[in-house]
Amino acid sequence: MSNDKPYIKLTKTEQLILNSYKKMIVSLGEYLGEGYEIILHSLENLQHSVIENVNGHYSGRKNGAPITDLALSMLSQLKEEPSQPAVCYMNHSKKGVPLRSCTIPIAGEKERIIGLICINFYTDIPLSSLLANFYPGASTPLSGNASATENFTDNTDELIENVLYKIQHQVLNDFAVSPQNKNKEIVTQLYQRGIFNIKDSVLKVASLLGISKNTVYMHIRNLKEPEK
């Protein structure tokens with residue numbers, strides 16, 4: 001007789017919620033680097049709770065591995081204190097390596113806990129390996145750029161202005177773009193960066209460039225045509 005009796009029965013929505021975390025923890029692992037082990041647990045089947053892992057080789061865990069006693073203990077603690085967003089604590093690996101650990105609950109329908117994200121930082125990782133992610137070439141650049149610059153602003157108007165002025169400076173100094181196509185190129189680059197997803201951005205851009213909103217809309221329509 002099978003011992004794989006469900007601990008909880010997940011709804012379809014809850015299954016989708018857990019699956020959405022799979023890519024997230026892989027991306028998080030890429031960002032944090034090799035010193036971090038990240039384990040995604042589903043509470044549907046405690047005998048095979050691991051449904052995704054990053055650097056699971058540290059603890060020898062693979063997808064399909066069972067939940068640990070410590071994870072169950074953290075689950076109990078989280079259930080007793082529903083308002084607690086996570087439990088952070090010091091831990092040790094099988095080999096005695098000190099770990100900085102965190103268990104984060106994943107909520108499903110009606111706010112019940114349906115899964116756990118368990119993160120372990122292995123403190124014995126060489127400093128050189130830990131810092132490797134901070135050097136150029138360690139990450140995949142956006143759009144082929146050697147680096148990306150993020151604009152931190154207080155409001156969307158300021159965001160649009162900052163991005164537009166940076167693009168405008170580049171385009172106006174790019175002699176490969178003819179004078180009559182300067183505004184078109186600026187609008188194209190703003191479109192590629194998703195600026196026109198912001199409410200009233202067309203009006204703002206038209207005002208800053210000194211052109212009509214219809215001209216901006218025309219350029220956007222032309223950009224959307226190939227996508228269709």
Side-chain angles (χ1 to χ4, degrees), residues 1-135 137-141:
M1 185 175 179
S2 175
N3 291 322
D4 289 354
K5 182 179 179 181
Y7 176 71
I8 60 173
K9 182 65 177 176
L10 298 179
T11 66
K12 289 184 178 180
T13 298
E14 290 172 334
Q15 290 172 350
L16 290 172
I17 291 172
L18 283 177
N19 285 333
S20 72
Y21 277 89
K22 290 182 178 181
K23 288 185 178 180
M24 186 276 286
I25 72 160
V26 171
S27 299
L28 182 61
E30 184 177 345
Y31 171 74
L32 293 174
E34 64 177 281
Y36 289 83
E37 177 186 47
I38 310 174
I39 304 294
L40 175 62
H41 291 280
S42 165
L43 297 183
E44 185 165 41
N45 187 330
L46 301 185
Q47 284 73 32
H48 305 285
S49 69
V50 178
I51 58 174
E52 190 58 88
N53 78 90
V54 175
N55 292 326
H57 60 273
Y58 278 121
S59 58
R61 283 180 290 182
K62 299 178 180 179
N63 290 357
I67 199 167
T68 66
D69 57 336
L70 186 58
L72 285 173
S73 175
M74 295 298 105
L75 175 61
S76 298
Q77 187 173 336
L78 288 163
K79 283 184 174 180
E80 290 175 6
E81 302 176 42
S83 61
Q84 189 168 244
V87 179
C88 297
Y89 48 96
M90 293 304 297
N91 193 8
H92 288 84
S93 71
K94 289 181 180 179
K95 297 180 180 179
V97 176
L99 310 177
R100 173 61 174 165
S101 301
C102 184
T103 299
I104 306 167
I106 300 173
E109 296 188 272
K110 298 181 180 179
E111 296 302 313
R112 70 169 178 165
I113 299 176
I114 60 172
L116 299 170
I117 296 176
C118 296
I119 304 175
N120 296 310
F121 173 63
Y122 284 72
T123 59
D124 65 339
I125 184 173
L127 183 61
S128 57
S129 297
L130 186 63
L131 295 177
N133 278 5
F134 294 92
Y135 292 107
S139 302
T140 303

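Each residue takes its place number in the sequence, starting with 1.
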(request) Tell me, with the steps shown, if Ile25 and Glu52 meet side chain to side chain contact (heavy atoms under 4.5 Å, CB included). (result) CA-CA 8 Å; Ile25 72 160; Glu52 190 58 88; 3.6 Å; yes

(request) Decide yes or no on side chain to side chain contact (heavy atoms under 4.5 Å, CB included) for Ile38 and Asn55, but give the supporting numbers first. (result) CA-CA 7 Å; Ile38 310 174; Asn55 292 326; over 6 Å; no

(message) side chain to side chain contact (heavy atoms under 4.5 Å, CB included), that's the test. Do Ile117 and Leu28 meet it? Break it down for me.
(response) CA-CA 11 Å; Ile117 296 176; Leu28 182 61; 5.8 Å; no

(message) Please determine whether side chain to side chain contact (heavy atoms under 4.5 Å, CB included) holds for the pair Arg100 and Cys88, giving the CA-CA distance in whole Å, both sets of side-chain angles, and the decisive distance to 0.1 Å.
(response) CA-CA 8 Å; Arg100 173 61 174 165; Cys88 297; 3.8 Å; yes

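If you take SG on Cys118 and CG on Leu99, they are separated by 12.0 Å, rounding to the nearest 0.5 Å. Distance check, rounded to the nearest 0.5 Å: CD1 of Ile67 to CZ of Arg61 gives 9.5 Å. Considering NZ of Lys110 and OG1 of Thr11, their distance stands at 10.0 Å, rounded to 0.5 Å. Atom-to-atom distance recorded for Ser59:OG and Asn53:CG is 8.0 Å, nearest 0.5 angstrom. One distance of note links OH of Tyr21 with CD1 of Ile104; it measures 9.0 Å at 0.5 Å rounding.
A donor-acceptor pair under 3.5 Å is absent between the side-chain atoms of Glu109 and the main chain of Glu14, judged by distance alone. Between the side chain of Ser49 and the main chain of His41, no donor-acceptor pair closer than 3.5 Å is present.
Between Ala86 and Cys102 the shortest heavy-atom distance is CB-SG, 3.9 Å. Pairing each heavy atom of Leu18 with each of Leu40, the nearest pair is O-CD2, 3.8 Å. When all heavy atoms of Pro66 and Val50 are compared, the pair lying nearest together is O-CG2, 4.3 Å. In terms of heavy atoms, Ile51 sits closest to Ser42 at CG2-CB, 3.9 Å. The minimum heavy-atom distance between Leu116 and Ala71, with the atom names listed, is CD1-O, 3.9 Å. What you find for Ile113 and Leu43 is that their closest heavy atoms are O-CD1, 3.6 Å.
Two residues are said to be in side-chain contact when any heavy atoms from C-beta on lie closer than 4.5 Å; Thr68 and Ile39 fail this criterion. Put simply, the side chain of Leu78 reaches to within 4.5 Å of the side chain of Gln84, judged on heavy atoms. Side chains of Lys22 and Val26 form no contact here, defined as non-hydrogen atoms less than 4.5 Å apart. Looking only at side-chain heavy atoms (C-beta outward), Tyr36 and Ile125 stay at 4.5 Å or farther from each other. Residues Val54 and Leu32 fail the side-chain proximity criterion, which asks for heavy atoms closer than 4.5 Å. Between Phe121 and Ile119, the closest side-chain pair of non-hydrogen atoms is not below 4.5 Å. The shortest distance between side-chain heavy atoms of Leu10 and Ile17 does not fall below 4.5 Å. Side-chain contact between Asn120 and Tyr58: absent, with no pair of heavy atoms (C-beta onward) separated by less than 4.5 Å.
Between the side chains of Tyr122 and Glu37, a donor-acceptor pair is found at a separation under 3.5 Å.
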